Structure formats: structure tokens, C-alpha cells
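If you're wondering where the values come from, they're calculated on a predicted model, not measured in any experiment.
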Amino acid sequence: SDLQQAQREAKFAEQEFLNAQEAQRAAQKHAEEMKRQLDGATKALDAARQKEAQARKAYDEALDGVDRARRNPPAR
């Protein structure tokens, strides 16, 4: 009958809704985890760049020191 058909369709639609809702929750959780990983990677990258900049500065200062020593040898 039409009623039974409509009831079957309503039950199916309800199940589809619940499945979609569950999939959305799982996707949300996954997105949050990806965001945490991205934030962690961003922090690590920032720290590595800062370390590199400090090392480059120390290296440049050492080179400058060598250059100055070459230009101005100690008086004997």
C-alpha cells in the first residue's frame, strides 16, 4: 500500500540521515586532528627557521672576524 511504501521510504531516509550525520562527525574529528598536526608542523618549521637564522648569524659573524683578522694582522 501507499502507506507502507511511504513508511519504508521514511525509514530509509532516516537511516541515510543518521549515516550522513555520523560521516560528518567523523570528518569533523579528522579535520581537527589534521589541524593539530598542521599546527605542530608549523611550530616545528618556525623553530627550525629561527635556529637556521641564528646559525647563519653566528657563521657570518665568524667570517667577519676572520676577514678582519686577515686585514689587520697582529703587530709583531
Side-chain angles (χ1 to χ4, degrees):
S1 74
D2 286 350
L3 174 60
Q4 287 173 325
Q5 179 67 23
Q7 286 173 327
R8 276 196 298 272
E9 287 172 7
K11 195 146 193 63
F12 179 77
E14 186 180 1
Q15 194 54 55
E16 288 286 282
F17 168 78
L18 293 173
N19 290 344
Q21 196 176 48
E22 185 52 42
Q24 192 275 332
R25 279 198 199 104
Q28 183 71 37
K29 257 179 113 166
H30 183 67
E32 287 164 7
E33 178 55 31
M34 294 288 96
K35 178 78 168 82
R36 273 195 294 276
Q37 286 184 24
L38 175 62
D39 290 347
T42 300
K43 283 191 180 118
L45 177 59
D46 289 346
R49 284 180 172 158
Q50 194 173 354
K51 252 179 140 169
E52 182 194 24
Q54 288 167 348
R56 186 178 306 280
K57 187 170 181 257
Y59 177 77
D60 289 345
E61 285 168 1
L63 278 186
D64 286 349
V66 169
D67 285 347
R68 276 197 303 279
R70 282 202 185 117
R71 283 195 301 271
N72 309 310
R76 288 213 163 88

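Listed by chain and residue number, nothing satisfies the side chain to side chain donor-acceptor pair (under 3.5 Å) test with Arg68 (two or more places apart in sequence, or in another chain). Every side chain to side chain donor-acceptor pair (under 3.5 Å) that Glu33 has, sequence neighbours left out, goes to Arg36, Gln37. The salt bridge (Lys or Arg N to Asp or Glu O under 4.0 Å) search around Asp64 returns none, not counting sequence neighbours. Under the side chain to side chain contact (heavy atoms under 4.5 Å, CB included) criterion, Asp67 pairs with Arg70, Arg71, sequence neighbours left out. Remark: Lys29 engages no residue in a salt bridge (Lys or Arg N to Asp or Glu O under 4.0 Å) (not counting sequence neighbours).
For the pair Gln4/Gln7, a side-chain contact is recorded, criterion being any heavy-atom separation below 4.5 Å from C-beta on.
For the residue pair Gln5 and Arg8, a side-chain donor N or O sits within less than 3.5 Å of a side-chain acceptor on the partner.
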Side chains of residues 45-61: which donor-acceptor pairs under 3.5 Å do they make with residues two or more places apart or in other chains?
residue : atom : partner : partner atom : Å
Glu52   : OE2  : Arg56   : NH2          : 3.1

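To the nearest 0.5 Å, atom CG of residue Asn19 and atom CD of residue Gln24 are 13.5 Å apart.
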